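Here is the structure we will look at, set down as structure tokens.
The shown structure was predicted, so the numbers you read here are calculated from the model rather than taken from an experiment. In this chain, residues are counted from 1 in sequence order.
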Amino acid sequence: MAPRVDHAARAQFSGLSPRHDRACLFRAVLEGVAFAMRDLFDLLAFDGDRVLLTGGGAQNPDWVQMICDLIGQPVEVPEGSQFGARGAALLAATADGAFETINVASNAVTGRGRTYAPDPQGTAALEPAFARYIAARDRLLG
């Protein structure tokens, strides 16, 4: 559970009641990952001007907006696929001297995509849940 590492930690749902259905559980999983990302951003004191999000989850606009609202930064989801392979190719090209730095290489292939902006109402709605997440994490992991 980022940013804390405890090999004995296990995933769980907290606060379930009979009124919670599959959709609630699915949202809880999305929230848990987004909350862990916020936790890391807070720990790392991120000072960049944008965040790029790729992969399968990045295709879910509601989840991307949730992350954006939680971290308070614009989030870009570039068009395309196979970003892991693309990143490996860019690292190899940089090591071979085709690019001066990995940042130059990355900027050379950045394509258009969708940009999400933080929504203050979304942030305000998520903050109480994030506080409960932190309390549960601290209670479980000490």
Side-chain angles (χ1 to χ4, degrees), residues 1-95 98-142:
M1 180 184 270
R4 297 193 184 173
V5 177
D6 182 340
H7 298 289
R10 297 294 178 262
Q12 66 175 306
F13 294 97
S14 178
L16 288 179
S17 72
R19 71 176 176 84
H20 292 101
D21 59 10
R22 290 171 63 123
C24 293
L25 296 175
F26 181 71
R27 180 171 173 95
V29 170
L30 296 179
E31 284 180 351
V33 174
F35 292 158
M37 290 177 72
R38 158 76 183 274
D39 219 1
L40 287 168
F41 270 77
D42 289 350
L43 178 72
L44 297 172
F46 178 77
D47 65 351
D49 60 356
R50 67 183 177 143
V51 173
L52 293 176
L53 189 61
T54 63
Q59 303 310 307
N60 181 328
D62 294 327
W63 188 57
V64 177
Q65 187 63 54
M66 182 187 297
I67 293 168
C68 182
D69 293 345
L70 280 164
I71 65 174
Q73 297 287 330
V75 174
E76 294 181 24
V77 178
E79 290 179 359
S81 62
Q82 304 300 324
F83 290 99
R86 186 183 299 184
L90 290 174
L91 285 171
T94 302
F99 297 101
E100 185 177 332
T101 68
I102 191 61
N103 287 339
V104 172
S106 180
N107 288 331
V109 297
T110 299
R112 294 182 181 244
R114 180 155 184 203
T115 301
Y116 295 77
D119 175 8
Q121 288 181 327
T123 301
L126 288 164
E127 285 300 324
F130 180 66
R132 287 191 303 274
Y133 163 83
I134 294 297
R137 183 208 59 201
D138 290 348
R139 186 174 58 252
L140 292 169
L141 299 177

Where do [X] and [Y] come nearest, in terms of heavy atoms and distance?
X: L90; Y: A105; value: CD2-O, 3.8 Å
X: P118; Y: P74; value: CD-N, 4.0 Å
X: P78; Y: T54; value: CG-CG2, 3.8 Å
X: R114; Y: P61; value: NH1-CB, 4.1 Å
X: A124; Y: P128; value: O-CD, 3.2 Å

Partners of [X] by side chain to side chain donor-acceptor pair (under 3.5 Å), sequence neighbours excluded?
X: T101; result: none
X: D138; result: R4
X: N60; result: none
X: Q73; result: none

Residues that [X] engages under side chain to side chain contact (heavy atoms under 4.5 Å, CB included), provided they are two or more places apart:
X: L91; value: I102
X: A93; value: A98, F99
X: F41; value: F46, V51, I71
X: R19; value: S17

Residue pair L25 / L16, side-chain heavy-atom distance below 4.5 Å
yes
Taking atom OH of Y133 and atom CG of L126, what is their separation to the nearest 0.5 Å?
13.5 Å
Between T115 and V77, does a side chain to side chain contact (heavy atoms under 4.5 Å, CB included) hold up when you go through it step by step?
CA-CA 6 Å; T115 301; V77 178; over 6 Å; no
Stepwise, does the side chain to side chain contact (heavy atoms under 4.5 Å, CB included) test hold for R137 with S14?
CA-CA 10 Å; R137 183 208 59 201; S14 178; over 6 Å; no
Do L53 and I67 pass the side chain to side chain contact (heavy atoms under 4.5 Å, CB included) test, and can you show the C-alpha distance, the side-chain angles, and the key distance before you say yes or no?
CA-CA 10 Å; L53 189 61; I67 293 168; 3.9 Å; yes
Quick check: does any side chain N or O of T123 sit under 3.5 Å from a backbone N or O of D69, one acting as donor and the other as acceptor?
yes
Any pair with a residue in residues 60-80 that passes ring pair (Phe, Tyr, Trp, His ring centres under 6.0 Å), sequence neighbours left out, goes on the list, sorted by first then second residue, please.
none
What side-chain donor-acceptor pairs closer than 3.5 Å can you find for residues 28-38, not counting sequence neighbours?
unit_1, atom_1, unit_2, atom_2, d
E31, OE2, R27, NE, 2.9
E31, OE2, R27, NH2, 3.4
R38, NE, D42, OD1, 3.3
R38, NE, D42, OD2, 3.0
R38, NH1, L70, O, 3.3
R38, NH1, E127, OE2, 2.8

